[in-house]
Amino acid sequence: MIKYCPTCNRSSEEARFIGEFCEFCVADKIKATLPKVIKLRRCRVCGAIRDSDGFTDYSIEAMTDAVSHELHIPNCKIRIKELDLQMRKAVLRMVCELNDGTVGFDYEIGLRFTKEMCPSCYRKSAGYYEAILQLRGSEKNVAKFLDSFNLFLVKGNAFVSKTEEMGKGIDMYISDKKLVSGYFMLHKSLKPKVSYKLYGLKKGKKLYRHIYSLTV
Ligand SMILES: [Zn+2]
Ligand SMILES: [Zn+2]
């Protein structure tokens, strides 16, 4: 028997039906509940996107996760089909599971971004550091050490907030003392002198900076 959509009068020969209504009207009904514009959290310095894992390096996956989280319609799968960051808009492909069937449609949405800083950029900008590495040695040995050490810091998501040229090497101010001590645990042949300097209290706990003196 031919069905007619009560909203648009399309027949079941012209359109697929989901329950009483044609798929176009079902899609329209869902679209009507969606916002025209959403605001996403983005770091204004490094472009990281706040998704369900916290601030994450910009990627289409992070964007998709953030958009899905913002729209919060658990029965719909969302894919970003087109993304225009200059015009600040996206076309989303949405596939929604309803009681009477599945409906898929495209939805254009405006994007706005916050102008905040992610925690890592914030600490960088504030000159945050937990460890100082006083590195000394010949130019060649210092360069060789830094190749390996800097890579280790990047992999561990640490950063160098300041570098000072000294007579026979450099002083590096590093964000993460655990990572620095981890590096020296892995490279036991390097035996830096370590000292500790109290720099503050956090919830009654003393905070120490680690100072490593290393000659390579
Ligand atoms: Zn209809
Ligand atoms: Zn950032």
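Counting convention: from 1, in listed order, for ligands and their atoms alike. When reading the values below, keep in mind they use all heavy atoms of this one structure, side chains included, and skip hydrogens, waters and symmetry mates. All residue numbers refer to positions in the sequence shown, counting from 1. All figures in this text were calculated on a predicted structure; none of them were measured in a lab.
Protein N/O/S atoms found under 2.8 Å from the Zn ion (ligand 1): C5 SG, C8 SG, C22 SG, C25 SG.
With F113 as the aromatic partner, R41 does not meet the cation-pi criteria of under 6.0 angstrom to the ring centre and within 45 degrees of the ring axis. For the pair K162 and Y173, the cation-pi criterion (under 6.0 Å, within 45° of the ring axis) is fulfilled.
A ring-centre distance under 6.0 Å is found for F145 and Y183. For an aromatic pair to be called close, the ring centres must be under 6.0 Å apart, and F184 with Y212 satisfies this.
To the nearest 10 degrees, the angle centred on the Zn ion (ligand 2) between SG in C118 and SG in C46 reads 110°.
Taken together, C25 and C8 fail the criterion of an SG-SG distance shorter than 2.5 Å.
The shortest distance between side-chain heavy atoms of D84 and V91 does not fall below 4.5 Å.
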